[in-house]
Amino acid sequence: MFIEPIPLNKEIKGGVIYRFDVLQNVDSVFLDAKDMAFTKVELGGKKVEFTKTDKTISVYKKFKKDKSYKLTIEYLAKPKQTVYFLGWGDTIEGNEQIWTQGQGKYTSHWLPSFDDMNEKVEFDLFIQAGRKFDVIANGKLAVVPPQIDDNPVWLFNMEKPMSSYLLAFAIGDYSKQELASSSGVPIENYYYPQDSARVEPTYRYTQQIFDFLEDEIGVSYPWQNYKQIPVRDFLYAGMENTGNTIFSDGYVIDSTAFVDKNFVNVNAHELAHQWFGNLVTEKDGNHHWLHEGFATYYAYLAEKEIFGNDHFYWKLFETAKELQEISENGKGQALVDPKASSATFYEKGAWALVMLKDKVGDEAFKKGVSAYLKKHQFKNVTIEDFIKEVELASALNLDEFRAKWLLSTEFPYEDVKTFLMAKNKSIQTFFRF
């Protein structure tokens with residue numbers, strides 16, 4: 001795919017080529033495409049009949065089973081969301097940024113694509129931008145633009161398929177810190193040139209977190225490299241685009257601020273998503289625990305590795321109090337509820353994994369997680385896919401766990417209290433006195 005942002009007009013000029021195999025005879029295919037104008041639509045190099053709405057483009061042809069096709073589309077998009085243009089047209093030099101946030105299903109605002117997590121595609125990106133800017137996107141930078149080109153094209157290569165909502169890019173004025181994991185994965189930490197003194201405290205423990213998660217999860221990091229890019233006015237704390245986390249520059253801090261607010265938890269959370277959400281992706285919202293509960297849990301484990309046991313167990317204690325209050329007020333939710341709150345998916349979800357690991361044991365838990373990821377890599381999953389692997393690894397029936405932690409709207413506070421008292425002496429003393 002090729003894109004050229006036109007920032008003063010807040011537009012994206014682009015083209016995309018999809019190569020695909022047909023699994024059964026059909027008379028049309030469609031892509032999600034929000035409010036786009038199409039200048040070329042060709043199949044196999046020839047014009048083809050198509051129709052468009054404000055949400056989709058449909059191509060009509062007698063597509064034959066077991067045959068391969070090449071669909072070429074050129075378009076102009078004016079995204080109402082998902083692509084954000086900041087600092088263009090003002091008088092401040094060097095504050096221009098463009099960045100994307102495609103949470104869930106919104107990449108179709110700037111690229112004809114698939115608003116469905118179940119469609120996995122291997123993307124390669126050509127992005128054109130002015131020479132004074134840096135371009136960062138998913139994948140490995142395969143072609144470095146020549147210095148003499150005023151409007152260079154940056155080529156990023158991806159080797160593995162992913163859901164299109166995880167496609168992302170950022171454009172702006174950046175410098176970068178380059179690291180590598182113990183396993184040899186390149187890590188690129190971006191920062192504004194004026195923030196060089198904030199690089200160390202902002203990205204503190206990044207390599208340690210990366211190495212810890214690879215070891216704890218038991219599956220190698222699945223992508224070519226890993227990048228972290230701060231942007232202004234980001235909508236959330238961070239977003240785990242494949243190999244390419246974009247996060248709020250509010251987390252870019254100095255050593256003094258590190259004590260009060262740091263990037264460690266968000267850093268670990270978004271990195272954990274590279275396995276849980278990106279390598280294996282939920283089939284639909286009923287299985288959202290497999291994304292957020294897991295990322296929250298592994299981020300807590302990374303903090304435990306860095307800050308120690310007391311930090312870990314007292315943090316769990318605080319989330320347990322919050323969840324118990326929600327439950328007592330009759331607002332508890334099940335982890336299988338697709339409309340559950342963040343507190344349910346993130347905090348109750350993390351607690352479910354803490355208690356599952358305690359039930360089956362460390363070895364069986366890790367074995368089950370590893371088997372689950374390897375069996376379903378680059379595919380879509382259900383909660384039952386995960387539970388079955390843990391049952392196989394532990395030789396235990398987990399029906400009771402399902403009922404108490406996944407299906408029930410109540411938060412089992414007494415079980416949690418017993419667990420915490422057994423694990424941490426200071427919490428034990430707190431409850432006794």
Next on the checklist: For a 4.5 angstrom cut-off between non-hydrogen side-chain atoms, does Leu406 reach Trp289?
Outcome noted: yes

Checklist entry - Looking at Thr429, Asn309, Asp310, which hits side chain to side chain donor-acceptor pair (under 3.5 Å) with Asn424? => result Asp310

Checklist outcome for this item: Of all heavy-atom pairs linking Ala343 and Leu323, the shortest is O-CD2, 3.6 Å

Item to check | Whether over 12 other heavy atoms sit under 6.0 Å from Gln194 CD | outcome: yes

Next on the checklist: In terms of relative ring orientation, are Tyr236 and Phe234 parallel, tilted or perpendicular, with 30° and 60° separating the classes?
Outcome noted: perpendicular

Checklist entry - Between the side chains of Thr344 and Asp337, is a donor N or O closer than 3.5 angstrom to an acceptor N or O? => result no

Item to check | Pair Trp314 + Phe430: ring centers closer than 6.0 Å | outcome: yes

Next on the checklist: Check this for me: does any side-chain nitrogen of one of Lys357 and Glu216 sit under 4.0 Å from a carboxylate oxygen of the other?
Outcome noted: yes

Checklist entry - Do the ring planes of Tyr221 and Phe210 sit parallel (below 30°), tilted (30 to 60°) or perpendicular (above 60°)? => result tilted

Next on the checklist: Between Glu318 and Lys321 (salt bridge meaning N to carboxylate O under 4.0 Å), is one present in this structure?
Outcome noted: yes

Checklist outcome for this item: OG1 of Thr296 to NZ of Lys348, rounded to nearest 0.5 Å, is 14.5 Å

Checklist outcome for this item: For Phe317 and Leu420, the nearest pair of non-hydrogen atoms, with its separation, is CA-CD1, 3.9 Å

Item to check | Salt bridge flag under 4.0 Å for residues Glu93 and Lys132 | outcome: yes

Item to check | Minimum heavy-atom distance Ile253-Lys261, with the two atoms named | outcome: CG1-O, 3.7 Å

Checklist entry - Considering the options Asp115, Thr82, Asp35, which one meets the side chain to side chain donor-acceptor pair (under 3.5 Å) requirement together with Ser108? => result Asp115

Next on the checklist: Is it the case that the side chains of His269 and Glu292 hold a donor-acceptor pair, with the cut-off being a distance below 3.5 Å and no angle test?
Outcome noted: yes

Checklist entry - Checking salt bridge (Lys or Arg N to Asp or Glu O under 4.0 Å) for the pair Lys404/Glu410: CA distance, chi angles, key distance, verdict? => result CA-CA 8 Å; Lys404 181 177 289 188; Glu410 302 299 317; over 6 Å; no

Checklist entry - Trp88 vs Phe133 aromatic rings, parallel, tilted or perpendicular, using cut-offs 30° and 60°? => result tilted

Next on the checklist: Less than 6.0 angstrom separating the ring centers of Phe263 and Phe247, yes or no?
Outcome noted: yes

Checklist entry - Just wondering, more than 12 heavy atoms not from Lys366 lying within 6.0 Å of its NZ? => result yes

Item to check | Distance under 6.0 Å and angle within 45° of ring axis: Arg19 vs Tyr69 | outcome: no

Checklist entry - Quick one: do Glu200 and Arg204 make a salt bridge, cutoff under 4.0 Å? => result yes

Checklist entry - Atom OG of Ser163 and atom CG of Asn278: how far apart are they, to the nearest 0.5 Å? => result 8.0 Å

Item to check | Geometric cation-pi criterion, Lys13 with Tyr75: 6.0 Å, 45° | outcome: no

Next on the checklist: Just checking Phe85: does its CZ atom have more than 12 heavy atoms from other residues, nucleotides or ligands closer to it than 6.0 angstrom?
Outcome noted: yes

Next on the checklist: Side chains of Gln333 and Thr409: any donor to acceptor distance under 3.5 Å?
Outcome noted: no

Checklist entry - So, Asn241 and Gln101: side-chain donor and acceptor under 3.5 Å apart, yes or no? => result no

Item to check | Intermediate values then yes/no, side chain to side chain donor-acceptor pair (under 3.5 Å), Glu188 and Tyr190 | outcome: CA-CA 6 Å; Glu188 299 176 5; Tyr190 286 84; 2.7 Å; yes

Checklist entry - Is the number of heavy atoms from other residues, nucleotides or ligands under 6.0 Å of Lys304 NZ greater than 12? => result yes

Item to check | Phe276 ring center near Tyr298 ring center (under 6.0 Å) | outcome: yes

Item to check | Steps toward side-chain contact (heavy atoms from CB on, under 4.5 Å) verdict (Lys120, Phe378) | outcome: CA-CA 8 Å; Lys120 299 277 190 174; Phe378 310 112; 5.6 Å; no

Checklist outcome for this item: Between Phe169 and the options Phe156, Trp110, Trp99, the ring-ring contact (aromatic ring centres under 6.0 Å, His included) test singles out Trp110

Next on the checklist: Testing Trp275, Phe386, Tyr346 one by one against Phe294 for a ring-ring contact (aromatic ring centres under 6.0 Å, His included), which residue passes?
Outcome noted: Phe386

Next on the checklist: I'd like to know if the side chain of Gln274 pairs up with that of Thr242 as donor and acceptor (distance under 3.5 Å, no hydrogens or angles considered).
Outcome noted: no

Item to check | Met117 versus His291, closest heavy-atom pair with distance | outcome: SD-CE1, 4.5 Å

Checklist entry - Can a salt bridge be assigned to the pair Asp385 and Lys375 using a cut-off of 4.0 Å between side-chain N and carboxylate O? => result no

Checklist entry - Any side-chain donor paired with an acceptor under 3.5 Å for Ser68 and Asp21? => result yes

Item to check | Steps toward side chain to side chain donor-acceptor pair (under 3.5 Å) verdict (Gln228, Tyr191) | outcome: CA-CA 9 Å; Gln228 300 185 100; Tyr191 60 94; over 6 Å; no

Next on the checklist: Please check if the number of heavy atoms outside Lys52 that lie under 6.0 Å from its NZ is greater than 12.
Outcome noted: yes

Item to check | NZ (Lys160) with more than 12 external heavy atoms under 6.0 Å | outcome: no

Next on the checklist: Show, in sequence, the C-alpha distance, side-chain angles and deciding distance for Ser113 and Asp32, and conclude whether the side chain to side chain donor-acceptor pair (under 3.5 Å) test is met.
Outcome noted: CA-CA 5 Å; Ser113 52; Asp32 296 292; over 6 Å; no

Checklist entry - Hey, does the side chain of Asp173 reach the backbone of Asn95 with a donor-acceptor pair shorter than 3.5 angstrom? => result no

Checklist entry - Closest approach of Gly139 and Asn225, non-hydrogen atoms and distance? => result O-ND2, 3.2 Å

Checklist entry - Taking atom types as modelled and ignoring hydrogens, do the side chains of Glu347 and Tyr297 form a donor-acceptor contact shorter than 3.5 angstrom? => result no

Checklist entry - Is there a donor in the side chain of Asp211 and an acceptor in the side chain of Ser182, or the other way round, less than 3.5 Å apart? => result yes

Checklist entry - Does the distance from a Lys or Arg side-chain N to an Asp or Glu carboxylate O, for Glu389 and Lys374, drop under 4.0 Å? => result no

Item to check | Aromatic ring pairing Phe63/Phe20, orientation class (parallel under 30°, perpendicular over 60°, tilted between) | outcome: tilted

Checklist entry - How are the rings of Tyr413 and Phe411 set to each other: parallel, tilted or perpendicular (split at 30° and 60°)? => result tilted

Checklist entry - Leu125 and Ala137: which non-hydrogen atoms are nearest, and at how many Å? => result CD2-CB, 4.2 Å

Checklist entry - Going by distance alone, is a donor N or O of one side chain under 3.5 Å from an acceptor N or O of the other, for Tyr226 and Thr245? => result yes

